[in-house]
Structures are given as structure tokens and as C-alpha cells.
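Below you'll find the structure, written out as C-alpha cells, and then a few comments.
Source: prediction; values computed, not measured.
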Amino acid sequence: MGNSIIATRAPGVRVVASASTWIEGEALRQLDETGALPGMRETVGMPDLHPGKNGPVGAAFLSEGLIRPVLVGSDIGCGMALWQTDLAVRRADPRRIAARLDGLDAPWDGDVAGWLAGRGVSPTAYDASLGTVGHGNHFLEVQTVAEIRDPAAAARIGLDPARLALLVHTGSRGFGESILRAHTERHGASPLQADTPEAETYLAAHDAAVGWARANRDLVAHRALTGLGAEGRCLLDLCHNGVSPVEVGGCRCHLHRKGAAPADRGPVVVPGSRGDVSLLVEPVPDRADALWSLAHGAGRKLGRHEAKAKLKGRLRREDLARNPYGGVVVCGDERLLWEEAAPAYKPAASVVGDLEAAGLVRIVAVLHPLVTFKCSLDPDGPARADKRVRLRERRIARAAKPWGALR
């Protein structure tokens with residue numbers, strides 16, 4: 001192990017990737033361009049690096065004197081939460097589980113204000129979407145522990161290989177988007193001078209969105225556990241889109257992460273696509289050369305607009321609704337099924353392999369997807385949506401057998 005896999009592209013610009021890891025040229029161009037911005041001290045791209053709207057995704061950026069909201073993006077606070085459930089793996093039926101999860105994209109009918117207040121989060125205009133996963137690459141996934149690489153670490157974290165795990169990936173929904181929009185309407189893509197009223201206003205809104213996003217992941221997990229008749233506890237919850245102050249060499253800087261998991265806050269899950277493994281890792285502490293950050297996922301290798309065109313001849317529609325491990329996918333949106341197809345992503349093991357080879361992580365466990373929930377209904381087809389609601393109700397009725405025997 002060592003740092004040789006962390007390649008320097010220009011002064012202050014590095015990439016964590018082996019020679020065999022493919023990274024799109026546009027993503028590298030965006031990384032170099034971002035690293036050359038005024039006030040940028042260091043920029044590090046991860047092996048899941050891919051092009052984004054206002055800069056590369058899968059990177060961390062250290063700036064001095066300036067805060068750049070566009071580098072955080074619109075989904076402020078987006079992150080991953082891993083929950084341990086009490087449901088026994090040996091009795092788990094993916095289709096019954098899928099039936100119990102179907103409908104999680106509908107608004108929650110509980111006490112939203114109370115849920116937020118209990119977590120110290122103020123109400124917003126976007127609270128109707130609290131407790132929902134959303135679209136894009138967000139998901140809720142019921143997982144099995146396929147392999148334990150470090151039994152002591154797994155026990156310390158609280159991972160039980162005999163029980164199902166729950167991984168939630170979502171963020172601040174429309175709330176975070178409204179914060180970025182307010183900034184760009186006034187400032188465009190320009191940064192904010194640190195320690196000014198404008199910067200303090202943005203950071204206060206940013207922190208509120210981070211808190212809202214965590215409350216959202218908590219509620220998504222709560223709704224899933226309730227539907228499954230299960231109990232669970234959160235093992236980790238980490239944000240991979242945000243900005244925070246850091247002290248570096250006596251200088252007060254700001255560390256921006258856009259699709260980069262923090263490596264200084266405990267264990268991390270690096271998820272794969274819905275047809276691939278996810279990996280639970282423990283970061284090696286104090287790695288300033290990687291800006292205390294890790295890859296946040298497998299990383300796209302096909303853009304959303306090109307996924308269907310390139311995969312249509314290789315995959316059938318029914319292939320998209322299952323995975324190689326005997327699991328199933330809940331997704332009523334035809335377009336999203338193709339955009340999020342497994343071959344549109346890099347292998348997670350390859351991405352984590354680069355992190356491991358760079359001496360940044362130790363692998364704790366390998367997780368397999370059993371049921372991946374994306375969305376229940378097709379937002380573009382009201383008539384189809386009505387039919388799916390009726391079918392969903394029938395499936396739930398058929399799956400109404402008590403879950404106690406599965407524990």
C-alpha cells in the first residue's frame with residue numbers, strides 16, 4: 001500500500017485512481033478547471049469521478065477565503081445511512097419485502113412537524129416530501145451481508161451478518177435546490193467571500209438543509225422498517241454533499257465535498273449500482289493528501305441521456321427489474337430504470353480497490369442488494385399510475401402475513 005496511486009495532475013490537483021480505472025476526460029477537465037479557480041488551495045478527485053453540472057462529482061475542494069455554493073450543488077446534505085434490522089436473512093423473501101416497500105414515494109401521513117422538531121430541524125416549505133427517497137440515483141436498499149472481511153470491525157460497528165441491513169441514499173429534496181437557486185439568482189456561479197453576511201446566510205441555510213436531509217433519511221428508514229414490521233438502529237449516517245470549515249496549516253479554509261464521503265467521521269458505505277455489491281469500509285485517519293475524503297459510490301460511466309440508447313440492445317426490460325443475486329428492483333419509472341441500469345455504473349469493488357490500494361481504507365464487509373427501491377409510480381403516466389396503485393394494493397394484501405417468524 002502507499003500513495004503512488006494518488007496522481008498529481010497539476011499543482012494542488014490530485015486524482016485517486018489506478019492506471020486501469022477509466023475516468024471520463026470531461027470529468028478530468030472539470031477537475032483541473034476547478035482546481036485553477038481563485039482561492040482554491042487543493043482539489044482531489046476520487047475513483048468515482050464523473051462530470052457534473054457545475055463541476056465534477058466525486059471530488060473534494062479546499063478553498064481559502066471563499067465559499068463556492070455551486071461546488072456543493074443543489075442536493076445539500078445528501079448522504080448515506082446504514083441501518084441494522086432485526087429481520088433474519090435466512091427467511092427473507094425479496095418479493096414479499098418489495099411488496100411491503102412499494103409506495104414509499106407517497107407523502108408520509110404522520111406528524112412531519114413533530115418529526116423535524118424532535119431532531120432540532122425547523123419547518124420548511126418543502127416538508128411534504130419529507131420521508132421520500134426522490135428520483136435520480138437516490139434509493140432505499142435492503143441488503144444481505146455477503147462477506148465479512150474484518151470480523152472485529154464489523155462487530156464494533158454493530159453489523160450482524162445473520163440479519164438484513166437497510167441502506168438509505170437521499171438528501172434534502174427541493175429544500176436544498178431552493179437554497180442553490182437563491183444563490184445563483186443573486187450571485188450566479190460566483191463564490192462568496194468568507195466571513196461576510198452573505199456567506200453566513202448561505203451557511204445557515206446550508207446547515208439547515210443538512211439537518212433536514214438527515215431527518216429525511218431517518219424517516220425513510222422508519223417508514224421502511226414499519227412496513228416490514230421490523231426494528232432497526234442506525235449504524236452510520238454521513239453527508240457527501242456539503243461544505244465545512246477546516247483549519248489547515250494555521251489557515252481557516254472551507255472544505256467542499258461534491259459526491260465525496262468524509263473519511264474523518266467513522267465507517268463509510270460505498271454503494272454500488274442496484275445490480276452490484278456495496279462495501280462497508282473503515283477509513284484510515286488523517287489522510288490530508290486525499291482531503292479527508294473518500295469515494296461516495298461506484299460513479300457513473302454512462303450519462304443519463306445515453307444509458308438507454310447504449311444498453312437497449314444488451315438488456316431487456318425484465319432484466320432491469322432484478323439483479324444477479326436473486327434480488328428485485330422496485331421502480332415504476334421506465335426512464336429511470338434505464339438511466340439507473342447497473343451497467344451505467346463502474347464496479348464498486350474496483351472503486352474501493354483503488355481507495356484500498358492508496359492506503360485510504362480497510363474493507364470491513366461486502367453487502368449484496370436484496371431489494372432496491374427507487375420509486376413506485378411512473379410520474380409521466382397518470383393512467384398507468386392508477387393501475388399500479390391498484391396492483392400495489394393487491395400485492396400488499398397478499399403479503400400481509402405477519403413478519404414475526406422472519407426474525
Hits for ring pair (Phe, Tyr, Trp, His ring centres under 6.0 Å) against Phe139, two or more places apart or cross-chain, chain-then-number order -> His169
Side chains of Leu360 and Val284: closer than 4.5 Å at any heavy-atom pair? no
Those residues at least two apart in sequence (or on a different chain) that pass salt bridge (charged side-chain N to carboxylate O under 4.0 Å, His left out) with Arg186 are none
Looking only at heavy atoms, the pair that brings Val243 and His254 closest together is CG2-CB, 3.9 Å
Between the CD atom in Glu33 and the CD atom in Glu26, the distance rounded to the nearest 0.5 Å is 8.0 Å
Any non-hydrogen side-chain atom of Val277 less than 4.5 Å from a side-chain atom of Gln143?
no
Check: Trp22 main-chain N/O paired with Lys346 side-chain donor or acceptor under 3.5 Å: yes
Distance col, row Tyr202:OH vs Leu192:CG, nearest 0.5 angstrom, shows 8.5 Å
Between Ala261 and Val268 the two heavy atoms that sit nearest each other are CB-CG1, 3.8 Å
Can you give each donor-acceptor pair under 3.5 Å made by side-chain atoms of residues 56-78, sequence neighbours left out, with the distance rounded to 0.1 Å?
| from | atom 1 | to | atom 2 | distance (Å) |
| --- | --- | --- | --- | --- |
| Ser63 | OG | Leu66 | O | 2.5 |
| Arg68 | NH2 | Pro38 | O | 3.0 |
| Asp75 | OD1 | Ser172 | N | 3.1 |
| Asp75 | OD2 | His138 | NE2 | 2.8 |

Sorted by chain and number, sequence neighbours left out, salt bridge (charged side-chain N to carboxylate O under 4.0 Å, His left out) with Arg300 holds for Glu340
Nearest heavy-atom approach of Thr34 to Gly55 is OG1-CA, 4.5 Å
Glu141 (side chain) donor-acceptor with Phe373 (main chain) under 3.5 angstrom: no
The reported gap from CG in Leu255 to OG in Ser293 (rounded to nearest 0.5 angstrom) is 5.0 Å
When you compare the side chains of Ser129 and Thr132, does any donor N or O come within less than 3.5 Å of an acceptor on the partner? no
I'd like to know if the side chain of Asp86 and the backbone of Ala230 have a donor-acceptor N/O pair within less than 3.5 Å. no
Heavy atoms of Ala357 and Ile5 approach each other most closely as CB-CD1, 3.7 Å
Kindly say whether Ala99 contributes a backbone atom to a donor-acceptor pair with the side chain of Asp102 at under 3.5 angstrom?
no
_Checking the side chain of Lys301 only, and the main-chain atoms of Glu24 only, is there a donor and an acceptor separated by less than 3.5 Å?_
no
Any side-chain heavy-atom pair of Asn216 and Arg214 under 4.5 Å = no
* Should Glu318 and Arg322 count as an ion pair when the cut-off is N to O under 4.0 Å? -> no
Minimal heavy-atom distance between Leu336 and Cys375, with the atoms involved, is CD2-SG, 4.1 Å
(Q) With heavy-atom distances below 4.5 Å as the criterion, would you say the side chains of Val281 and Val364 are in contact? (A) no
For Arg265 and Leu238, what are the C-alpha separation, side-chain angles and deciding distance, and is it a side-chain contact (heavy atoms from CB on, under 4.5 Å)?
-> CA-CA 8 Å; Arg265 297 174 195 171; Leu238 296 172; 3.7 Å; yes
Sorted by chain and residue number, the side chain to side chain contact (heavy atoms under 4.5 Å, CB included) partners of Asp160 (sequence neighbours excluded) come out as Gln84, Ala162, Arg163
Hits for salt bridge (charged side-chain N to carboxylate O under 4.0 Å, His left out) against Arg217, two or more places apart or cross-chain, chain-then-number order -> Asp237
Any non-hydrogen side-chain atom of Asn323 less than 4.5 Å from a side-chain atom of Val329?
no
Do Arg316 and Asp319 make a side-chain contact, defined as non-hydrogen atoms from C-beta onward lying under 4.5 Å apart? yes
- Go through the steps to decide whether Val133 and Asp105 satisfy the test side-chain contact (heavy atoms from CB on, under 4.5 Å), and finish with yes or no. CA-CA 6 Å; Val133 172; Asp105 47 351; over 6 Å; no
Sequence neighbours excluded, the answer for salt bridge (charged side-chain N to carboxylate O under 4.0 Å, His left out) partners of Glu306 is Lys310
With sequence neighbours left out, the residues meeting side chain to side chain contact (heavy atoms under 4.5 Å, CB included) with Ala263 are Pro283, Leu294
Residues pairing under ring-ring contact (aromatic ring centres under 6.0 Å, His included) where one sits in residues 282-333, two or more places apart or in two chains, turn out to be His240-His296, Tyr325-His368
After noting the C-alpha distance and the side-chain angles of Leu167 and Trp83, does the key distance pass the side-chain contact (heavy atoms from CB on, under 4.5 Å) rule?
CA-CA 6 Å; Leu167 184 64; Trp83 287 66; over 6 Å; no
Note to self: Under a 3.5 Å distance rule, please check whether Thr144 uses its side chain to pair with a backbone N or O of Ala146 as donor and acceptor.
What the structure shows: no
Under a 3.5 Å distance rule, please check whether His187 uses its side chain to pair with a backbone N or O of Glu185 as donor and acceptor.
no
Between Ser18 and Thr21, is there a side-chain heavy-atom distance shorter than 4.5 Å?
yes
Can you confirm whether the side chains of Asp276 and Ser273 place a donor and an acceptor under 3.5 Å from each other?
no
Q. Would a distance-only check, ignoring hydrogens and angles, find a side-chain to backbone donor-acceptor pair under 3.5 Å from Thr226 to Ala224?
A. no
To the nearest 0.5 Å, atom NE2 of His206 lies from atom CD1 of Ile179 at 8.5 Å
- Hey, is Arg14 close enough to Asp289 for a salt bridge, meaning N to O under 4.0 Å? no
One should read off an interatomic distance between Leu180 CG and Lys53 NZ, to the nearest 0.5 angstrom, of 8.0 Å
Sequence neighbours left out, cut at 3.5 Å: what donor-acceptor pairs do the side chains of residues 6-13 make with other protein atoms?
| from | atom 1 | to | atom 2 | distance (Å) |
| --- | --- | --- | --- | --- |
| Arg9 | NE | Asp32 | OD1 | 2.9 |
| Arg9 | NE | Asp32 | OD2 | 3.3 |
| Arg9 | NH2 | Asp32 | OD2 | 2.7 |

Separation between CD (Glu356) and CG (Asp354), nearest 0.5 Å, reads 10.0 Å
Trp115 meets the ring pair (Phe, Tyr, Trp, His ring centres under 6.0 Å) criterion, sequence neighbours left out, with Trp108, His222
Could you go step by step and tell me if Ile157 and Glu282 meet the side-chain contact (heavy atoms from CB on, under 4.5 Å) rule? CA-CA 10 Å; Ile157 294 166; Glu282 278 200 324; 4.1 Å; yes
*asked:* Counting C-beta onward and ignoring hydrogens, is there a side-chain heavy-atom pair between Glu200 and Asp195 closer than 4.5 Å?
replied: yes
Those residues at least two apart in sequence (or on a different chain) that pass side chain to side chain contact (heavy atoms under 4.5 Å, CB included) with Pro107 are none
Nearest heavy-atom approach of Ala341 to Leu320 is CB-CD2, 3.9 Å
### Message
Has Arg287 got a side-chain atom pairing as donor or acceptor with Ala358's backbone, closer than 3.5 angstrom?
### Response
yes
Of Ile148, Asp150, Leu279, Leu355, the one forming a side chain to side chain contact (heavy atoms under 4.5 Å, CB included) with Ile363 is Leu279
